[in-house]
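What follows is a set of notes on a single structure, which appears directly below.
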Amino acid sequence: MNDKKFRNNAKRIYLTLTLFFGLLIVGLGGLIYKMINPSFLSFNDENITETYVETKNPDVIKNGIHVATGFKDDEGLSIVIVNCTPCHSAKLVTQNRATKDGWISIIRWMQETQNLWDLGNNEDIIVNYLAKNYAPSKKGRREVLTKIEWYDLEN
Amino acid sequence: MKRRKFIRNTLLGATATFIGTEIVFSSSIPKNYTPIIQQDPDLYKLFNKDKEMTVLNDKPWNIEAKAHLLDDKITPNKYMFIRNNGIIPQNIDASKWTLIIDGESVFKPKTYTLQDLKTKFKQHTYQLTLECGGNGRSEFNPPAKGNQWTVGAVSCAEWTGVRLKDVLKDVGIKDTAVYIGYHAADTHLSGDPDKEPISRGVPMHKAYQEETLLAFKMNGEAIPLAHGYPLRLVAGGWPASASGKWVNRISIRNKVHDGTKMKAPAYRVPCHPVAHGEKVKDDAMCIIESMPVKSLITYPKSGAMISEGNTLNIRGHAWAGELEVQKMAYSIDFGATWHLCEIAPPVNRLAWQHFSSTVNFPKKGYYEIWVRATDTEGSSQPMLLPGWNPKGYLNNACHRIAVKVK
């Protein structure tokens with residue numbers, strides 16, 4: 001009888017201890033993770049608030065991006081904005097990738113067929129900006145699937 | 001930067017057993033944040049588009065669907081891609097809208113009001129597949145210029161209108177006719193009133209097909225503004241750019257139409273296959289006619305996790321330009337083995353067809369389901385990218401989704 005009681009008590013202490021250490025590990029793990037990834041479990045997540053930034057101000061640069069157009073902030077930005085957004089939005093530019101020659105041929109095509117003006121001395125600045133910030137990456141013959149959002153599917 | 005990410009990932013892996021997967025998601029960077037939604041809350045309302053649609057460009061409007069949004073048999077407006085080349089016409093008065101048929105190959109030009117078209121000719125309704133010639137462009141390597149469409153620049157809506165051939169018969173067409181070219185009310189991005197954003201067309205044999213319509217209704221209602229209100233030429237199975245929106249004039253030409261974006265490199269591919277990135281002369285580029293065989297898994301959405309032992313029902317659509325899809329198959333082992341899907345015949349010519357199947361998985365793990373359609377002439381979709389071309393047209397590579405069996 002006594003033996004059983006003792007064993008029960010021991011079991012209870014053992015359980016409490018396991019629970020305690022378990023929680024400690026979880027807490028510590030969370031803390032360490034938080035140190036490495038500061039946005040962890042903070043609900044006013046920086047990344048989310050950023051997208052709500054006042055976009056009316058035409059000069060705001062956030063995380064290296066010119067908020068109003070989406071262009072990368074780099075030498076020549078203002079010349080690119082002035083010359084490349086009057087007809088179409090910057091989105092048509094930023095979704096494309098090309099080498100220096102490629103960008104020059106896109107510009108020539110627009111000059112020959114779409115009323116784009118002679119860019120004069122600015123052409124070099126624009127082409128350099130584009131070739132540096134919107135250069136092609138090697139994609140091969142078929143890319144691996146990325147950005148998969150996993151979700152449970154019940155039948 | 002890379003190193004920090006690496007540490008983050010391994011640590012996450014180590015603690016995940018304690019914390020559980022829920023936290024993995026709450027701490028990840030917000031997915032798909034397109035700031036544009038915050039900038040302009042009316043953007044999607046403007047065209048009655050679903051919020052999950054992807055805006056590639058907002059001037060001119062270029063919006064595409066995601067594969068799982070295209071699950072309906074008949075594509076509703078909210079999931080229909082928009083490819084605009086210019087500025088949408090403003091203040092349209094349908095009661096004053098006219099269509100002029102002119103050109104070298106008409107005996108005498110003739111003008112019809114919308115009311116004339118609706119009352120003088122018999123009306124027909126067809127489900128017609130419209131796919132942008134550049135659908136899938138984003139996958140080409142080296143990259144091709146233009147809107148970087150992924151998979152969602154395709155739709156199959158129900159179009160109602162009169163047959164172009166009935167109208168042409170009423171006008172009277174000379175034997176010299178070779179091509180039709182449409183003209184429309186949209187305006188050029190540069191603001192130049194003398195420039196047309198796009199003016200394409202089709203050869204006479206396509207113009208004379210029963211399914212080639214002058215449409216005034218889409219899915220039983222007036223065509224939405226972004227899709228060509230009040231009158232659209234609809235030539236299913238060909239690059240959707242042949243289906244002119246806001247059409248107010250059709251010229252019957254005695255030569256291949258030479259309007260904007262008929263000339264190389266627009267909507268043309270090399271007449272002979274070329275190496276990746278090769279420069280191609282304009283006169284070695286040929287006009288795209290029928291679109292190639294293709295298919296899309298619309299259910300489930302990529303990323304489904306199911307339990308071991310469960311089967312997975314898949315479904316989607318397949319189409320083949322002027323042809324029909326004869327065979328539909330799926331693979332869960334990257335093409336090592338293929339299994340046939342059920343495929344329904346098209347409701348009418350040029351409508352997409354619906355396929356379905358039930359997939360079994362042999363064991364736990366990461367899978368990709370690849371689907372492959374074969375047309376009535378025996379052509380199948382390639383698993384790799386098809387022939388590279390300077391403008392990135394006609395990517396009909398197999399569609400695939402990721403699945404995990406737990």
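Convention: sequence-line order gives letters A, B, ...; per-chain numbering from 1. Heavy-atom basis, side chains included; hydrogens, waters and symmetry copies ignored.
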Heavy-atom pair with the smallest gap, counting every atom of B/L312 and A/L153 | CD1-CD2, 3.4 Å
What heavy-atom pair brings A/I148 and B/G303 nearest, and what distance separates the two atoms?
-> CG2-CA, 3.5 Å
Heavy atoms from other residues, nucleotides or ligands near CD of A/E75 exceed 12 (cutoff 6.0 Å) = no
Interface moiety of B/I87 toward chain A, non-hydrogen atoms closer than 4.5 Å = neither
Is B/E139 salt-bridged to A/K139, going by a charged N under 4.0 Å from an acidic O?
-> no
Side chain, backbone, both or neither: which part of B/P300 has an atom under 4.5 Å from a heavy atom of chain A?
-> both
Donor on one side chain, acceptor on other, A/Q95 and B/N147, under 3.5 Å = yes
Check each atom of A/T94 against the heavy atoms of chain B and say whether the ones under 4.5 Å are side chain, backbone, both or neither.
-> neither
When the 4.5 angstrom heavy-atom criterion is applied to B/K195 and chain A, the contacting part is side chain
Heavy-atom distance under 4.5 Å to chain A: side chain of B/T260, backbone, both or neither?
-> neither
Check whether any side-chain heavy atom of B/N141 sits under 4.5 Å from a side-chain heavy atom of A/R141, and report yes or no.
-> no
Would you say the side-chain atoms of A/D152 pair up with the backbone N or O of B/A304, donor to acceptor, closer than 3.5 Å?
-> no
Is the cationic atom of B/K145 (NZ for Lys, CZ for Arg) positioned less than 6.0 Å from the six-membered ring centroid of A/W109 and within 45 degrees of its normal?
-> yes
If you take all heavy atoms of B/K59 and A/C87, which pair is closest and at what distance?
-> CE-O, 3.0 Å
Does B/H188 reach the side chain of A/Q114, with side-chain heavy atoms less than 4.5 Å apart?
-> yes
With a 4.5 angstrom heavy-atom cut-off, could you sort out which part of B/K263 is near chain A: side chain, backbone, both or neither?
-> neither
Within a radius of less than 6.0 Å around CG of A/N121, do more than 12 heavy atoms belonging to other residues, nucleotides or ligands occur?
-> no
Check each atom of A/S137 against the heavy atoms of chain B and say whether the ones under 4.5 Å are side chain, backbone, both or neither.
-> backbone
Can you name the closest pair of heavy atoms from B/S190 and A/N115 and give their distance?
-> OG-ND2, 3.2 Å
Which heavy-atom pair separates B/L56 from A/K91 by the least distance, and what is that distance?
-> O-CB, 3.3 Å
Which one of B/D192, B/N62, B/L385 has the most heavy-atom pairs closer than 4.5 Å to chain A?
-> B/L385
A/Y151 side-chain N/O to B/K301 backbone N/O, donor-acceptor pair under 3.5 Å = yes
Test item: A/W150 and B/V403 side chains (from C-beta on) under 4.5 Å apart, heavy atoms | no
Which pair of non-hydrogen atoms, one from A/S89 and one from B/N57, has the smallest distance, and what is that distance?
-> OG-OD1, 2.7 Å
